[in-house]
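Since the structure comes first, as structure tokens, the remarks are kept for the end.
All values below were derived from every heavy atom in this structure, side-chain atoms included, with hydrogens, water molecules and symmetry-related copies excluded.
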Amino acid sequence: QVQLVESGGGLVQAGGSLRLSCAASGRTFSSYAMGWFRQGPGKEREFVAAIRWSGGSTYYADSVKGRFTISRDNAKNTVYLQMNSLKPEDTNVYYCARKLYTGGLYSVYDYDYWGQGTQVTVSL
């Protein structure tokens with residue numbers, strides 16, 4: 001059984017930074033691509049960023065490109081999301097997820113295991 005545990009969320013002023021972490025259980029972490037999604041009240045969960053198993057390729061939603069950076073440390077079974085220049089519209093619950101071996105990168109249906117989420121709130 002795979003478990004994903006997010007941490008690092010909180011309250012920050014606009015223009016500030018946060019770094020989210022996602023710790024994964026299981027010995028096969030390094031074999032899988034990982035992703036970050038976010039979801040606001042009454043909204044669908046949306047793609048934020050993804051990273052291939054080696055960390056060599058990363059992908060971002062247009063809304064966060066240039067401000068967020070996804071990275072991973074396979075030795076620590078952890079994936080990170082560095083969020084800079086935060087905006088009030090970035091306020092959401094952020095989830096990390098493990099990608100399926102096959103399929104795309106941008107849909108929730110491309111991922112099989114999810115964390116419980118961590119709240120990020122950006123104030124003016």
Side-chain angles (χ1 to χ4, degrees):
Q1 184 74 7
V2 174
Q3 287 190 323
L4 303 174
V5 180
E6 300 98 335
S7 62
L11 174 63
V12 63
Q13 286 189 326
S17 298
L18 283 174
R19 188 174 84 152
L20 306 184
S21 299
C22 172
S25 64
R27 293 180 294 174
T28 60
F29 171 80
S30 60
S31 300
Y32 291 85
M34 298 293 293
W36 285 96
F37 285 72
R38 64 187 184 185
Q39 187 171 22
K43 297 183 179 180
E44 293 188 352
R45 196 167 294 187
E46 64 175 12
F47 172 81
V48 175
I51 186 167
R52 294 292 187 187
W53 67 271
S54 65
S57 296
T58 56
Y59 309 84
Y60 297 94
D62 288 342
S63 58
V64 307
K65 202 171 292 184
R67 300 188 298 122
F68 290 11
T69 302
I70 188 171
S71 62
R72 67 190 296 161
D73 185 338
N74 288 337
K76 295 182 178 180
N77 277 16
T78 302
V79 61
Y80 304 97
L81 186 67
Q82 177 67 44
M83 305 186 295
N84 298 330
S85 302
L86 283 161
K87 305 175 181 179
E89 51 263 44
D90 294 318
T91 295
N92 278 292
V93 177
Y94 284 72
Y95 299 88
C96 72
R98 191 185 78 168
K99 211 195 86 60
L100 293 164
Y101 255 176
T102 59
L105 280 167
Y106 305 108
S107 168
V108 296
Y109 300 107
D110 295 322
Y111 296 78
D112 56 358
Y113 287 97
W114 295 82
Q116 82 290 348
T118 185
Q119 175 70 46
V120 171
T121 303
V122 184
S123 64
L124 288 169

Does atom [atom1] of [X] have more than 12 heavy-atom neighbours from other groups under 6.0 Å away?
X	atom1	value
Glu89	CD	yes
Trp53	CH2	no
Gln119	CD	yes

Could you check Tyr111, Tyr109, Tyr95 and say which one makes a ring pair (Phe, Tyr, Trp, His ring centres under 6.0 Å) with Phe37? Tyr111
Inter-residue atom distance [X].[atom1] - [Y].[atom2], 0.5 Å rounding:
X	Y	atom1	atom2	value
Glu44	Gln39	CD	CD	8.5 Å
Arg52	Leu105	CZ	CG	4.5 Å
Asn74	Thr28	CG	OG1	11.0 Å
Arg72	Cys22	CZ	SG	10.0 Å
Ile70	Ser57	CD1	OG	11.5 Å
Ser17	Phe68	OG	CZ	9.5 Å

Which pair of heavy atoms, one from [X] and one from [Y], lies closest together, and at what distance?
X	Y	result
Ser85	Asp90	O-OD2, 4.4 Å
Phe29	Val79	CZ-N, 4.1 Å
Ala14	Leu124	CB-CA, 4.4 Å
Leu86	Leu18	CD1-N, 3.9 Å

If hydrophobic clusters are built by linking Ile, Leu, Val, Met, Phe, Trp and Tyr wherever their side-chain heavy atoms come under 4.5 Å apart, do [X] and [Y] end up in the same one?
X	Y	result
Ile51	Tyr59	no
Val5	Val2	no
Phe47	Trp114	yes
Tyr113	Tyr94	yes
Tyr80	Trp36	no

Is the NZ or CZ atom of Arg67 both under 6.0 Å from the centre of the six-membered ring of Tyr60 and within 45° of that ring's axis? no
Looking at Tyr32, I'd like to know if the NZ or CZ of Arg98 sits under 6.0 Å from its six-membered ring centre while staying within 45 degrees of the ring's axis. yes
For the backbone of [Y] and the side chain of [X], can you confirm whether one donor and one acceptor N or O come within less than 3.5 Å of each other?
X	Y	value
Asp73	Ala75	yes
Thr91	Val122	yes
Asp110	Gly104	yes

Residue pair Met83 / Leu20, side-chain heavy-atom distance below 4.5 Å: yes
Chi angles and distances behind the salt bridge (charged side-chain N to carboxylate O under 4.0 Å, His left out) call for Asp62, Lys65: CA-CA 5 Å; Asp62 288 342; Lys65 202 171 292 184; 3.2 Å; yes
Candidates Asn92, Val120, Thr118 - the one meeting side-chain contact (heavy atoms from CB on, under 4.5 Å) with Arg38: Asn92
